[in-house]
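From a predicted model like this one, the values you see are computed outputs, not experimental measurements. Order of the sequence lines sets the chain letters (A, B, ...), proteins ahead of strands, with each chain counted from 1.
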There are 4 protein chains.
Amino acid sequence: MPTTPNPLRRNEASRRAILDAALRLCAENGYGRLTIEAIAAGAGVSKKTIYRWWPSKGAVVLDAVDDLASTVADHPYTGDLAADLRTQMAAVIALLTPASTSAVVGLIAEALHDDALGDDLRERLVRPRIDAFNRRMHQAQRDGQLAADADLDVAVDLVYGPLYHRLVFHLGMPNAEQLHTLVAHALRAFVPAPQDNDANAPPTS
Amino acid sequence: MPTTPNPLRRNEASRRAILDAALRLCAENGYGRLTIEAIAAGAGVSKKTIYRWWPSKGAVVLDAVDDLASTVADHPYTGDLAADLRTQMAAVIALLTPASTSAVVGLIAEALHDDALGDDLRERLVRPRIDAFNRRMHQAQRDGQLAADADLDVAVDLVYGPLYHRLVFHLGMPNAEQLHTLVAHALRAFVPAPQDNDANAPPTS
Amino acid sequence: MPTTPNPLRRNEASRRAILDAALRLCAENGYGRLTIEAIAAGAGVSKKTIYRWWPSKGAVVLDAVDDLASTVADHPYTGDLAADLRTQMAAVIALLTPASTSAVVGLIAEALHDDALGDDLRERLVRPRIDAFNRRMHQAQRDGQLAADADLDVAVDLVYGPLYHRLVFHLGMPNAEQLHTLVAHALRAFVPAPQDNDANAPPTS
Amino acid sequence: MPTTPNPLRRNEASRRAILDAALRLCAENGYGRLTIEAIAAGAGVSKKTIYRWWPSKGAVVLDAVDDLASTVADHPYTGDLAADLRTQMAAVIALLTPASTSAVVGLIAEALHDDALGDDLRERLVRPRIDAFNRRMHQAQRDGQLAADADLDVAVDLVYGPLYHRLVFHLGMPNAEQLHTLVAHALRAFVPAPQDNDANAPPTS
DNA sequence: AGTTAACCGAGACGGTACGTCAAGTCTTAAA
DNA sequence: TTTAAGACTTGACGTACCGTCTCGGTTAACT
């Protein structure tokens with residue numbers, strides 16, 4: 001008696017309908033009003049089918065977001081580190097806005113109560129993007145845009161932290177100008193010294 | 001005909017019992033398992049009394065945390081900015097740890113779905129502390145520890161952001177050493193240039 | 001410390017307002033939706049004032065109905081017993097119709113659960129009217145319209161019973177013709193024998 | 001999309017437990033103290049299950065009484081009409097006594113406020129018994145015990161009315177002797193005239 | 001190709017908590 | 001001292017979802 005169902009017999013149509021319904025209903029009514037019952041009804045699927053394959057509402061949404069987000073929010077590489085970061089961060093901000101109907105924000109909220117979901121969220125959604133960020137930063141270091149001896153371990157926190165600080169305390173997502181300022185200041189921790197005050201300004205070209 | 005009850009007639013003993021029960025039960029079972037019913041039972045109070053004075057579970061906990069947190073997590077002033085920040089941030093980290101039983105984390109999670117609660121959380125809990133942080137930073141600026149022309153508007157995001165980035169993605173709160181590194185890097189954006197690697201040490205004067 | 005309030009200090013204006021509000025609200029929304037709170041609000045009186053003077057909602061309504069009904073539904077005396085009974089019964093039917101907004105029907109329903117109210121209802125409202133009925137019947141006996149040896153003890157049950165049978169089982173109150181038939185048949189038990197089949201018909205004059 | 005649940009899937013064990021608990025609790029504490037919560041708890045069933053199948057407490061009790069009463073209070077046929085009626089009415093009286101714990105009395109009280117319940121009560125409980133009574137009366141008519149031209153339409157009101165008159169006004173149910181008198185007088189409306197005082201005795205044939 | 005075990009939809013079920021309502025008690029301030 | 005106002009405890013209301021379960025039916029893997 002297998003405790004986990006046989007994935008070979010899984011109905012792909014049901015799976016897709018469930019993930020689609022989850023995202024759609026989340027966008028329509030907000031993550032807070034999203035329920036397993038509504039997902040089942042919206043997908044034309046029985047609750048049992050959802051519980052067979054996912055342990056919780058959060059896990060469903062995580063799968064749905066994972067599908068969705070695998071291509072968005074990649075790190076571009078134009079050579080201008082600050083600009084590239086701003087581009088990528090703008091995509092992240094789009095995923096978090098508006099908070100009330102953002103599936104990602106819903107996942108974040110639920111993960112704060114649910115360690116298992118939090119771990120999944122970190123490993124499946126966040127970790128790959130942190131790795132990508134780090135690769136981009138090391139590339140910039142090799143390019144000479146960052147100090148050769150910069151401690152990049154804290155970079156991700158300094159660069160992305162402000163977004164989540166503002167998110168959790170309803171301080172408003174930064175607009176383009178504020179984003180510019182934030183990135184500039186964050187990168188200042190890693191640029192070669194001595195430097196002038198405008199080292200991270202966008203190229204004037 | 002006032003839609004809000006007359007605060008003059010409010011029973012202070014009930015109010016205190018409710019707030020105490022909310023914090024106690026949150027610490028015992030976690031914010032996620034906290035219910036209005038349990039608070040009422042734990043406080044020896046009727047549900048009606050809770051609903052009369054607060055619109056939601058989050059509002060109760062916000063009041064409770066507000067009472068509690070009004071004295072903790074003040075900004076010390078020893079003259080060593082980085083050390084003072086680390087001290088204060090350690091207090092903040094204590095309020096957020098462990099996440100599963102932290103009332104503040106619970107509020108943060110709920111505020112992500114509930115804009116009204118989020119606004120209250122910001123105005124009542126966070127704004128005063130941001131102001132205190134800013135006062136401390138401007139003091140440091142006047143003390144010559146920060147660049148005279150530093151743009152301190154982004155400072156709070158750079159300093160505290162990493163904490164919330166780590167919180168929401170289950171990356172673990174920084175230990176003492178990591179906190180040291182984080183603060184040092186964050187402040188680097190505001191210190192006078194050029195600088196050496198120990199720019200954040202307390203003034204030797 | 002008197003357990004009963006001093007009736008001398010009773011506020012007559014409040015008493016009237018309460019009884020009037022009770023009847024008005026009962027007529028408007030039905031006895032089932034009548035509440036002490038609504039009566040208090042409708043009378044501009046505090047709940048405490050109601051509870052001070054009456055033990056229950058039913059007692060309030062009983063007082064109100066008692067005031068109201070003391071003059072209606074008297075027994076006329078035209079000499080035609082059957083006609084007189086029909087006249088009086090039509091007044092009773094008016095008090096019971098429509099059942100959903102009739103204060104008397106509400107009292108009857110509540111008295112079925114509440115023995116104290118039931119006893120009050122019987123003694124204050126019903127008993128005097130039974131006595132009046134019996135006086136009317138004995139008068140008819142003296143007038144020679146009923147058998148001299150008729151057992152009038154069961155008369156009230158036979159005459160009025162059909163009304164309450166129909167009331168409690170939603171069989172519809174009798175219309176004028178049905179009322180005629182009912183009274184005629186009921187009185188047949190008390191008329192002198194031998195008799196013909198139309199002895200109780202109304203006088204043809 | 002049916003608004004009523006599919007009766008085929010109904011759990012018969014739950015249904016029985018609910019009806020049994022309703023009758024038991026009504027007998028123990030009285031209809032007035034009977035609650036849906038208590039029925040659910042007493043039946044080991046969730047409230048939702050009750051609300052799924054019945055619209056109100058009264059509907060539950062009506063079902064329970066319907067089950068119970070389908071065999072009691074049938075009309076016997078010994079040939080002696082008055083005796084048969086007394087037998088059957090004694091069974092009815094037993095169902096109504098004591099009023100405070102009688103499910104039927106509770107239903108009657110509730111039906112006075114609730115037209116839908118009242119209609120159900122009439123159609124499901126009362127109408128079949130009225131029909132049975134009428135059949136018995138017509139049989140007696142064919143047997144020559146009632147006048148061939150008697151208007152039996154009012155018979156049920158005359159015979160049973162006294163019971164409900166006495167019930168609603170707390171006048172006490174008739175004892176055996178009073179019942180004898182009541183039935184005798186009621187039937188006098190339908191016997192052939194002239195008659196003697198023992199007209200309701202069984203035929204001597 | 002037929003058997004059979006699993007998935008599937010549907011949705012009833014026992015629960016827990018919700019937010020509301022009214023009952024009846026108690027406190028305060030004004031008259 | 002009574003009253004209006006209204007806060008309070010209590011307890012039931014009817015609803016919403018939860019996560020589990022059983023029911024036929026279909027489907028897909030293995031005889």
Side-chain angles (χ1 to χ4, degrees), chain A residues 1-2 5-11 13-15 17 33-41 43-53 55-57, chain B residues 1-2 5-11 13-15 33-41 43-53 55-57, chain C residues 2 5-6 8-11 13-14 17 33-41 43-53 55-57, chain D residues 1-2 5-11 13-15 17 33-41 43-53 55-57:
Chain A
M1 178 193 306
N6 181 351
L8 294 182
R9 312 201 50 169
R10 183 162 190 179
N11 184 331
S14 293
R15 182 180 159 277
R33 271 183 282 282
L34 185 64
T35 65
I36 296 269
E37 305 237 336
I39 296 173
V45 140
S46 82
K47 287 198 294 176
K48 181 77 181 208
T49 300
I50 297 180
Y51 283 110
R52 187 169 4 247
W53 300 109
S56 68
K57 174 179 76 164
Chain B
M1 180 190 307
N6 181 349
L8 295 181
R9 306 222 160 201
R10 185 162 190 179
N11 184 332
S14 292
R15 183 181 158 276
R33 271 184 282 281
L34 185 64
T35 66
I36 297 269
E37 304 239 338
I39 296 173
V45 139
S46 78
K47 284 197 294 177
K48 184 65 189 261
T49 298
I50 297 180
Y51 284 112
R52 182 165 13 243
W53 300 108
S56 67
K57 175 178 75 163
Chain C
N6 180 349
L8 295 181
R9 315 212 43 169
R10 183 162 189 180
N11 183 331
S14 292
R33 269 184 283 282
L34 185 64
T35 65
I36 296 270
E37 307 238 343
I39 296 173
V45 139
S46 83
K47 286 199 293 176
K48 182 74 183 206
T49 301
I50 297 181
Y51 283 113
R52 196 182 339 262
W53 301 107
S56 68
K57 175 178 73 164
Chain D
M1 179 189 308
N6 182 347
L8 295 181
R9 304 209 164 227
R10 186 160 189 181
N11 183 333
S14 293
R15 182 181 159 278
R33 269 184 283 282
L34 185 64
T35 66
I36 297 268
E37 304 238 340
I39 297 173
V45 140
S46 78
K47 283 199 292 177
K48 184 62 192 259
T49 299
I50 297 181
Y51 284 112
R52 180 157 24 235
W53 299 108
S56 67
K57 176 179 73 163

Grab the [atom1]-[atom2] distance between [X] and [N] for me, whole Å please.
X       : N     : atom1 : atom2 : answer
A:Arg15 : E:dA6 : CZ    : C1'   : 19 Å
A:Arg9  : E:dT4 : CZ    : P     : 14 Å
B:Ile50 : F:dA7 : CD1   : P     : 16 Å

Review point. Along nucleotides 17-25 of chain E, 5' to 3', which nucleotides get a B, which get an S, and which get a -, given that the test is a protein heavy-atom distance under 4.0 Å?
Key: SBBB-SBBB
Exercise for review: Please say whether more than 12 non-hydrogen atoms of neighbouring residues, nucleotides or ligands are located less than 6.0 Å from CZ in A:Arg52.
Suggested key: yes
Practice item. Give the nucleotide from the list E:dC13, F:dA4, E:dG14 with an atom nearest to the side chain of D:Arg10. Key: E:dC13
Review point. Roughly how far, to the nearest 0.5 Å, is OG of C:Ser46 from OH of C:Tyr51?
Key: 11.0 Å
Check your understanding: Distance from B:Ile39 atom CD1 to B:Glu37 atom CD, nearest 0.5 Å?
Key -> 10.5 Å
Contact under 4.0 Å: [X] side-chain N or O vs [N] OP1/OP2:
X       : N      : result
B:Ser46 : F:dG11 : no
C:Arg52 : F:dT2  : no
D:Trp53 : E:dC13 : yes
C:Ser14 : F:dA4  : yes

Point to revise | Donor-acceptor contact present, side-chain C:Lys47 to main-chain C:Ala40, <3.5 Å | key: no
Exercise for review: Remember a base hit wins even if backbone is also touched, and classify B:Thr49 as base, sugar-phosphate or nothing at under 4.0 Å, heavy atoms.
Suggested key: base
Study note, to complete from the structure: Taking every heavy atom of B:Ile36 against every heavy atom of B:Ser56, the minimum-distance pair comes out as CD1-C, 4.3 Å
Practice item. Using the ring of A:Trp53 (Phe, Tyr or Trp, six-membered ring only), decide whether A:Arg10 places NZ or CZ under 6.0 Å from its centre and within 45 degrees of its axis. Key: yes
